[in-house]
K.L.:
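Dropping the structure in here first, questions after.
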Amino acid sequence: MNTPSARTVQINGKGCRIQEAGQGETLTYLHGPFGIPKWTPFLEALSESRRVLALSLPGFPGSENGHHDLDNLTDWVMATLDLLEAAGADGSDVMGSSIGAMIAAEIAATSRASVGRLILAAPYGLYLDEDPIDNLWAKRSNKMFPAAVDNVDGLKELLAAPAGLTNDDKVEWEIAQERAIVAGTRMCWPIAEFGLIKRLHRITQDTLIVWGANDRAIPPSYAKAFAAGVTGPVTLETVADAGHLIDLDQPARLAEVVSSWLG
Amino acid sequence: MKLLWFHLMPYTDLPDDFAEKYPSVWIDIDKGLFDPVKAHEMYNDFMDEVEYAAEVGFDGVCFNEHHANGYGLMPSPNIIAATMTRRTRDAAICVMGNSLALYNPPIRVAEEFAMMDIMSGGRVIAGMPVGSPMDTAYAYSQNPAMLRERYYEAHDLILKAWTAEENFDWNGRHYKMRDVNVWQRPIQEPHPPVWIPGGSSVETWQWCAEQGHLYSYLSYFGYKAGRTTMESYWNRMSELGEEPNPFQAGFLQFVGVADSREQAMELYREPAEYFYGTCLHLSADWAVAPGYQSEQNSRLKTVSMVERAAAEAEARAKANKQRQKASHDQAKASGTEMETLVDKGYVVIGSPDEVAEQLRELAVDLNVGNLMVLLQFGNMNKDLTYYNTERFAKEVTPQLAGQFEDQWENKWWIKPVAQADKVTPREPGR
């Protein structure tokens with residue numbers, strides 16, 4: 001297994017973590033609602049064929065509480081652009097999952113040169129009146145987890161404190177997981193739609209849009225809406241037996257889809 | 001001490017099987033259960049009751065703000081309070097809303113409080129709660145992770161709008177305004193007393209101390225459960241070097257007065273059980289929202305009042321289900337029988353002397369100089385409400401009124417205009 005190396009960079013004066021693993025062409029990864037509490041089998045699989053840079057956004061596990069300084073989507077986009085530059089990943093291929101995919105799409109539209117090829121795994125960012133989506137962050141974990149993944153036990157394991165932590169560290173671990181939800185809330189409450197539909201046409205990059213067939217957070221119908229809006233060449237893929245967070249439910253399958261599309 | 005008469009204005013006609021059949025009294029309360037014609041009668045009864053309380057000599061009347069809520073029919077307490085500026089003469093009009101971050105721009109709150117203060121001749125107490133997760137994050141879709149920032153900024157803007165001698169620009173983080181001019185400034189100088197209804201948050205206490213505001217703990221769970229919170233409040237105040245002036249604290253208590261404890265038990269059983277069993281049928285789904293609570297409070301595992309109420313409702317539902325499974329008896333939800341409510345101190349009942357004794361103990365024990373009593377609760381009818389109110393005013397108030405008065409200065413009370421300057425509203429038809 002590639003053990004990722006990790007470093008911290010300052011974004012708006014607060015630490016953000018950059019994890020790196022693998023060799024070859026760079027793929028930058030922007031995480032979903034739970035962040036990257038632990039290195040995942042998906043990132044591991046992806047790093048077998050390329051250099052993966054996994055960025056932890058402000059407020060998410062591994063990073064400090066810089067989310068308190070981010071008041072709107074522009075702030076989040078700018079912080080992510082800063083982070084991308086600090087990682088030396090400006091212009092690399094960028095993949096995002098869920099809210100990370102929303103940010104990736106915003107960056108691709110706002111700052112085209114910052115993103116090479118674009119991979120969107122079940123992005124937030126649109127709201128279709130005929131197929132409305134719930135507020136994921138308004139759900140307690142007993143409802144949020146099943147909305148986010150098929151494999152709830154797998155998600156719980158990802159979020160569980162590693163063995164051997166002191167009691168104080170366990171509390172801080174829990175707080176860090178809670179903070180990720182707070183940061184996502186700050187970004188997305190009450191509706192994660194900030195006018196991306198008006199900017200989608202600015203995405204001229206080669207784009208892969210992937211959806212979990214069982215996505216209960218954002219119905220797969222949204223894939224078509226994204227594909228219709230993006231100007232660049234679009235490939236649409238559906239991953240079977242996967243919910244919203246495809247990288248958690250089907251890590252090997254998604255890594256294969258992504259790797260083969262990137263070539 | 002000050003005795004204030006508090007009305008929640010609960011919908012009094014929820015079905016008997018509400019707790020079994022419906023998910024929650026708040027946010028997703030069934031729209032079909034509301035009858036506006038019945039509510040016409042309820043609102044008018046409630047306003048009669050409040051006016052009566054002022055007439056029989058309560059120091060103040062209190063209202064609060066709730067949205068999409070079956071036990072609180074005042075999305076805008078200002079509307080009720082405004083009627084009281086004309087229909088009461090001396091009582092403080094204590095508006096324990098407005099949840100500041102819900103109003104944009106927040107100077108609307110400054111304007112309305114100022115109008116009411118002027119209309120009433122300087123009798124308004126300006127309550128400024130953050131608001132519950134239900135009211136703010138769910139009913140009003142405010143971002144719970146940003147709510148407190150907005151709240152603090154709105155507070156600063158409102159106080160400046162009341163006190164600034166010149167127009168000013170406000171380039172805040174969340175609010176941007178040019179030429180702020182709340183021209184009709186309040187009668188009370190420099191502004192009406194500010195009361196902060198809050199939960200058990202260390203940050204709120206510290207902030208109240210810094211601002212010199214009154215902290216008030218509005219719990220439905222009575223003085224026994226409130227003791228820990230009020231003790232922590234006073235400990236924090238002492239750490240901050242503040243004097244333990246009881247007039248800087250408020251507390252809410254359900255009360256039922258009768259000839260005897262036995263009679264009170266009988267008289268107030270139905271409304272109390274209706275309130276705790278039906279009105280407090282809350283869903284835990286709406287009781288928390290991410291970021292509503294600070295990380296510091298998460299570390300301390302602080303449980304808010306609504307969270308507690310929701311947890312109790314959930315436990316009741318579960319117990320009820322199990323009981324129904326075990327037998328087909330008419331299962332009564334556990335924990336909401338009158339005996340339990342009285343034992344736990346949620347509702348204080350008894351003869352006037354017994355009630356006075358318990359409330360004095362509460363006031364001294366919790367060091368609270370402003371006691372807000374709920375003498376109408378649940379589906380209590382107008383006659384019983386009048387009865388409870390009158391007996392309290394005539395037989396309990398005289399036993400309590402002098403408490404703390406000669407020891408402490410009350411810096412958090414209204415400063416109305418002189419009696420001679422008070423305008424008397426015209427009687428209808430004259």
Side-chain angles (χ1 to χ4, degrees), chain A residues 12 14 33-35 57-61 63-76 99 127 132 134-148 167-194, chain B residues 23-24 26-28 67-68 101-102 104 132-153 171-176 203 282-304 306-307 310-311 313-314 317-318:
Chain A
N12 298 325
K14 298 278 168 62
F34 302 102
L57 296 176
F60 288 86
S63 293
E64 293 181 329
N65 61 355
H67 61 298
H68 289 310
D69 301 318
L70 309 179
D71 295 338
N72 51 49
L73 192 74
T74 306
D75 286 351
W76 282 96
I99 53 173
Y127 186 92
D134 280 353
N135 181 359
L136 186 69
W137 294 266
K139 295 176 190 288
R140 288 192 289 162
S141 55
N142 63 337
K143 291 180 182 168
M144 179 196 245
F145 291 179
N167 280 340
D168 281 355
D169 285 347
K170 264 187 212 158
V171 170
E172 288 312 307
W173 173 276
E174 297 296 334
I175 295 282
Q177 311 319 308
E178 205 177 287
R179 190 183 300 135
I181 303 306
V182 173
T185 295
R186 204 169 164 100
M187 188 196 295
C188 296
W189 194 285
I191 294 180
E193 191 280 315
F194 307 95
Chain B
S24 167
W26 211 339
I27 307 302
D28 51 358
H67 303 270
L102 303 187
N104 193 358
S132 71
M134 288 87 155
D135 290 310
T136 57
Y138 295 103
Y140 265 45
S141 287
Q142 294 299 297
N143 193 318
M146 301 171 90
L147 187 72
R148 272 166 215 273
E149 297 161 22
R150 288 180 189 277
Y151 167 78
Y152 289 130
E153 188 181 324
N171 180 29
R173 182 166 170 189
H174 299 292
Y175 305 107
K176 310 274 179 194
E203 291 97 333
L282 306 182
S283 162
D285 283 348
W286 312 116
V288 291
Y292 177 84
Q293 181 163 266
S294 72
E295 282 184 14
Q296 182 56 16
N297 279 304
S298 291
R299 278 191 191 91
L300 296 169
K301 300 212 176 301
T302 309
V303 175
S304 74
V306 286
E307 235 180 308
E314 216 171 46
K318 208 171 171 187

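Every chain is numbered from 1 and lettered A, B, ... according to where its sequence line falls, protein lines coming before strand lines.
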K.L.:
Using 0.5 Å steps for rounding, measure from the CG atom of A:Asp69 to the CZ atom of B:Arg173.
P.N.:
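Going from CG on A:Asp69 over to CZ on B:Arg173, the span is 6.0 Å.
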
K.L.:
Just give me the residue among A:Ile175, A:Ile191, A:Val171 that pairs up with chain B most often, heavy atom to heavy atom, under 4.5 Å.
P.N.:
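Ranked by contacts with chain B, first place is A:Ile175.
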
K.L.:
Using a cut-off of under 4.5 Å for heavy-atom pairs, which of B:Pro133, B:Pro290, B:Ala145, B:Ala137 has the most such pairs with chain A?
P.N.:
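It is B:Pro290.
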
K.L.:
Once you round to the nearest 0.5 Å, how far does CE of B:Met146 lie from CG of A:Asn72?
P.N.:
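B:Met146 CE to A:Asn72 CG: 7.0 Å, rounded to 0.5 Å.
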
K.L.:
Just how far is it from atom CG of A:Asn135 to atom OG of B:Ser141, taken to the nearest 0.5 Å?
P.N.:
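These two atoms lie 8.0 Å from each other.
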
K.L.:
Residues in salt bridge (charged side-chain N to carboxylate O under 4.0 Å, His left out) with B:Asp28, at least two apart?
P.N.:
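Partners of B:Asp28 by the salt bridge (charged side-chain N to carboxylate O under 4.0 Å, His left out) criterion come out as none, since no residue qualifies.
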
K.L.:
Closer than 3.5 angstrom, by distance alone: can the side chain of A:Trp189 be matched with the main-chain N or O of B:Pro144 as a donor-acceptor pair?
P.N.:
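Pair absent, no side-chain N/O of A:Trp189 close to backbone of B:Pro144.
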
K.L.:
Does any part of the side chain of A:Glu172, heavy atoms only, come nearer than 4.5 Å to the side chain of B:Arg299, both counted from C-beta?
P.N.:
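Result yes, sub-4.5 Å side-chain heavy-atom pair found.
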
K.L.:
Quick one: salt bridge (charged side-chain N to carboxylate O under 4.0 Å, His left out) partners of B:Asp285, sequence neighbours excluded?
P.N.:
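Partners of B:Asp285 by the salt bridge (charged side-chain N to carboxylate O under 4.0 Å, His left out) criterion, ordered by chain and then number, come out as A:Arg140, A:Lys143.
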
K.L.:
Quick one: do B:Glu149 and A:Arg186 make a salt bridge, cutoff under 4.0 Å?
P.N.:
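Looking at B:Glu149 and A:Arg186, the cut-off is met.
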
K.L.:
Flag the one option from A:Val182, A:Asn142, A:Asp71, A:Asn65 with the top tally of heavy-atom pairs under 4.5 Å to chain B.
P.N.:
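Going by pairs under 4.5 Å, I would pick A:Asp71.
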
K.L.:
Flag the pair A:Pro190 / B:Asn143 as yes when at least one side-chain heavy-atom distance between them is below 4.5 Å, and no otherwise.
P.N.:
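Not touching, per the 4.5 Å side-chain cut-off.
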
